[in-house]
Amino acid sequence: MISYRELRLEDRDALNRLICYEGCHGADYNFANMYIWRDVYKPAFHIDDDLLLVAAPDGVVSYPMGDYDIKDVIEKLIDDAHAKGEKLVLRGLTDATLAEFLPVFEERFEIIEDRDSADYVYTAEKLRFLAGRKLASKRNHIKHFEKNGPWEIRIICKAYSPETALTDSDGKAVSCCSIAEARAFVERFYEEKDNPDLADEAIAIDEMFTHFDELGFVGAMLYQNGEAVAFTSGTRLGRCEWDVHFEKALPGIDGAYAMINREYVNLLCQLFPELQLINREEDMGIEGLRKAKLSYKPDILLMKYFAKEK
């Protein structure tokens, strides 16, 4: 039997070494994501020098990561599932990992598209400048926002220092914001939403704030007329890719989402000039969220797949 255990904060370096950093995985393989959602989804982890396995309570296993022999590892996972009286189900495969999986196991597994888990990936340049006719509506939302009063973006991140000359899209200097201010805003957001479906997300966000620096989060707050109106945060997903975990704006403030989206990417590109891609994660099959993510015209729709043993 394969041994599994709970994820620990000190596992970060080992997982980051095992996880492919060049685009063959999605945001679900981000250590920060795994850690802040662990109490909600309760995954179990097998971590050694060459292999990372993540198993859900229902027995579904994420596609293995690391430097390993694919046939050997998958056969062990099959044996482990059979010992429990089950058939192996793998999740989180992408087109890249299917290319290595299918030549060995195509006849033994059924491949099923998991559209709800597909990641929306955009070029940083697109989100930063919103150029072109297709994104005219986003620019219009920002214009509406700007008409409602003076605004500013404030950053909350360990990487920021007074010596870092960050400016917003209008060329104004960017100031700092505390984690306490961000927490207070998010608490207000949840109070106004009053939606029990967001309870699990609130747990994950609390974990994020508790371990903000250790997990490498960079966040920003949008203010208008001196009041906080939006919050966002994310972590590095790869050398040239960023993962946006959360984005919240108060209801009824036209253009707040479009503005904080643009300004956050603007700040990230100043902090990390090597960034090329922004991963805004999946839509979970939520109609409104899918519409919003598609409206930004993703450059990559990173499709995910299940592989179910026949």
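Keep in mind that what you see is a predicted model, and the values were worked out from it rather than measured.
Residues Leu98 and Pro103 share a closest heavy-atom pair of O-CD, 4.0 Å. Considering every non-hydrogen atom in both Pro251 and Glu192, the closest pair reads CD-OE1, 3.7 Å. In plain terms, the two heavy atoms of Asp80 and Ile2 that are nearest each other are OD1-N, 3.1 Å. Contact record, Asp168 with Val174: N-CG2, 3.6 Å, taken as the closest heavy-atom pair. Nearest heavy atoms, Ala83 versus Met1: CB-SD, 3.8 Å. For Gly219 against Phe212, the heavy-atom pair with the smallest separation is N-CZ, 3.7 Å.
When atom types are taken as modelled, the side chain of Arg139 and the backbone of Gly132 share a donor-acceptor pair closer than 3.5 angstrom. Within the 3.5 Å criterion, the main-chain N or O of Gly26 finds no donor-acceptor partner in the side chain of Lys304. A donor-acceptor pair under 3.5 Å links the side-chain atoms of Gln224 to the main chain of Phe145, judged by distance alone. Distance alone, capped at 3.5 Å, places no donor-acceptor pair between the Lys87 side chain and the Ala81 backbone. Distance alone, capped at 3.5 Å, places no donor-acceptor pair between the His46 side chain and the Tyr4 backbone. Side-chain atoms of Arg128 do not come within 3.5 Å of backbone N or O of Ser169 as any donor-acceptor pair. A donor-acceptor pair under 3.5 Å is formed between the side chain of Lys42 and the backbone N or O of Asp39. A donor-acceptor pair is defined here as one N or O able to donate and one able to accept, closer than 3.5 Å; such a pair exists between the side chain of Arg12 and the backbone of Glu214. Without hydrogens or angle criteria, Arg236 side chain to Gly216 main chain gives no donor-acceptor distance under 3.5 Å. Judged purely by atom type and a 3.5 angstrom limit, Asp119 uses its side chain to pair as donor or acceptor with the backbone of Ala27.
Put simply, Leu77 and Ile112 are part of two different groups of oily side chains (I, L, V, M, F, W, Y) that touch within less than 4.5 Å, one to the next.
Only one option out of Phe246, Phe209, Tyr257 pairs with Phe231 in a ring-ring contact (aromatic ring centres under 6.0 Å, His included); it is Phe209. Just one residue in the list Asp283, Asp299, Asn279 forms a side-chain hydrogen bond (donor to acceptor under 3.5 Å, both in side chains) with Tyr120, and that residue is Asp283. The one candidate from Trp37, Phe31, Phe217 that meets the ring-ring contact (aromatic ring centres under 6.0 Å, His included) condition with His245 is Phe217. Exactly one residue among Ile74, Asp48, Leu51 makes a side chain to side chain contact (heavy atoms under 4.5 Å, CB included) with Tyr68. That residue is Leu51.
Side-chain contact between Phe109 and Leu88 is present, with heavy atoms from C-beta onward closer than 4.5 Å. In this structure, the side chains of Asp254 and His141 come closer than 4.5 Å at one or more pairs of heavy atoms. Side chains of Met259 and Ile153 form no contact here, defined as non-hydrogen atoms less than 4.5 Å apart. When side chains are defined from C-beta on, Leu275 does not count as touching Cys240, because their heavy atoms never get closer than 4.5 Å. Taking the side chain as every heavy atom from C-beta outward, Leu250 and Glu227 approach each other to under 4.5 Å.
Residues Asn195 and Tyr190 bring no donor and acceptor atom of their side chains to less than 3.5 Å of each other. Using a 3.5 Å distance cut-off with no hydrogens or angles, the side chains of Thr210 and Arg183 do pair a donor with an acceptor. Looking at Glu181 and Tyr223, their side chains do bring a donor and an acceptor atom within 3.5 Å of each other. Between the side chains of Ser62 and Asp28, no donor-acceptor pair is found at a separation under 3.5 Å.
To the nearest 0.5 angstrom, Arg262 atom CZ is 10.5 Å from Leu267 atom CG. A distance of 11.0 Å separates CG of Asp95 from CD1 of Ile300, quoted to the nearest 0.5 Å. Note that CG of Asn261 and CG of Asn266 are 11.5 Å apart. Values are rounded to the nearest 0.5 Å. Expressed to the nearest 0.5 Å, how far CD1 of Ile36 lies from CD of Glu201 amounts to 9.5 Å. In this structure, CG in Asp79 is found 12.0 Å from NZ in Lys84, a value given to the nearest 0.5 Å. Taken to the nearest 0.5 Å, the NZ atom of Lys297 stands 7.5 Å off from the CG atom of Leu135.
Atom CD of Glu125 has 12 or fewer neighbouring heavy atoms from other residues, nucleotides or ligands inside a 6.0 Å radius. Atom CD of Glu10 has more than 12 neighbouring heavy atoms from other residues, nucleotides or ligands inside a 6.0 Å radius. More than 12 heavy atoms of other shown residues, nucleotides or ligands fall within 6.0 angstrom of atom CD in Glu100. Residue-environment remark: NZ (Lys172) exceeds the threshold of 12 foreign heavy atoms within 6.0 Å.
Salt bridge annotation for Asp58-Arg91: absent, with no cationic side-chain nitrogen under 4.0 angstrom from a carboxylate oxygen.
Ring pair Tyr63/Phe101 is perpendicular by interplanar angle, where above 60° counts as perpendicular and below 30° as parallel.
In this structure, Lys248 is not positioned above the aromatic face of Phe185 in the sense of NZ or CZ being under 6.0 Å from the six-membered ring centre and within 45° of the axis. Remark: Arg38 is positioned above the aromatic ring of Tyr35, its terminal NZ or CZ atom under 6.0 angstrom from the ring centre and at most 45 degrees off the axis.
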Checklist entry - Do Glu287 and Lys291 pass the salt bridge (charged side-chain N to carboxylate O under 4.0 Å, His left out) test, and can you show the C-alpha distance, the side-chain angles, and the key distance before you say yes or no? => result CA-CA 6 Å; Glu287 184 178 354; Lys291 182 178 179 181; over 6 Å; no
